[in-house]
S.K.: 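Please see the structure below; I have some questions.
Each ligand, and each atom within it, is numbered from 1 in the order the structure gives. Note that the coordinates shown come from a computational prediction; the quantities given were computed from them, not determined experimentally.
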Amino acid sequence: MKPQILTLDERLANPGDSLPFAGHMDDEGYRLGEHDFALPFGLDFDLVLTNAGEGILVTGIVRGHVQGSCDRCLDMAEFDVVGEVDEYYLFHDPGEVQGADEEDEVDYSLVLPDHSIDLTDALSSAVLMETPYVVLCREDCAGLCPVCGANLNHEDCGHAVQLEREAQRERMESNPFAVLKGLELSDGADS
Ligand SMILES: [Zn+2]
Ligand SMILES: [Zn+2]
C-alpha cells in the first residue's frame, strides 16, 4: 500500500484536542496470502485524531471496493470492505515495562521524530481484517467442471450428469445383484 503519512500540527498540541481527518488514497491493490486484490477506486478513510495525553489516538473507518478472482471459478469477484481503524501513536517509546509478559504487550505505534504519524499500517491492516478468506463471485458459485474446466455458471457441459451416472453405476456394481441389473441396463441402452 502507498504510504499515508500525516504531519501533526498545533491543532493537536494539547490533551483533549481532536481533529477529523478524511481523505482518499489512490491505491492499486494489495496481496493477502495467495490472493491479489485490486482497488480500482482506491481507499477512502474517515478518521478522528485525538490527543490522549500520552499519544495520538486514531479511530475511524476505511472503505474500498475490492476486485479479486473467485476461488471456485476464477471469474472476477467484487466486494466492498469497511474496516475499522483503531491505532494509538505514543509520543515516547515506553520501552520495556517491568513485569509485563510479552503476551500482555499493548499494541501501539510511535509518533515519528518529525511529528508525523504513519497511517499506512493502520489503514492496510483494517482492510486486510475485513477481506474474506474465501472469495467467491457469488455465494452459490457453481465453480469449474472437474473434467473439462468449463465455467458451470455460464454453461452446462454435461459432465456433471455423466459423473453422477458413473457414480450411480459404481454403486450398483458394488451391489450383489449388480450383474443382473447391469444386463438389464445394457439391453435398454442398445435398443
Ligand atoms: Zn465463481
Ligand atoms: Zn465438463
S.K.: With side chains defined as the heavy atoms from C-beta onward, is the minimum distance between L12 and L49 less than 4.5 Å?
M.R.: yes

S.K.: Is E139 paired with R72 through a side-chain N to carboxylate O contact shorter than 4.0 Å?
M.R.: no

S.K.: With the Zn ion (ligand 1) at the apex, how many degrees lie between SG of C141 and SG of C137, rounded to 10 degrees?
M.R.: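 Computed angle, vertex at the Zn ion (ligand 1), rounded to 10 degrees: 110°.
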
S.K.: Do you know the tightest heavy-atom contact between Y108 and D93?
M.R.: OH-OD1, 3.3 Å

S.K.: Any chance you could pull the hydrophobic cluster mates of L74, using side-chain heavy atoms under 4.5 angstrom and chaining through other members?
M.R.: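 Besides L74, the cluster holds L144.
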
S.K.: Mind checking how many protein N/O/S atoms fall short of 2.8 Å from the Zn ion (ligand 2)?
M.R.: 4

S.K.: Enumerate the residue pairs fulfilling side-chain hydrogen bond (donor to acceptor under 3.5 Å, both in side chains) with a member in residues 46-66, sequence neighbours excluded, ordered by first and then second residue.
M.R.: H65-E78, H65-D80

S.K.: Check salt bridge (charged side-chain N to carboxylate O under 4.0 Å, His left out) between D156 and all other residues, then give those that pass, not counting sequence neighbours.
M.R.: none

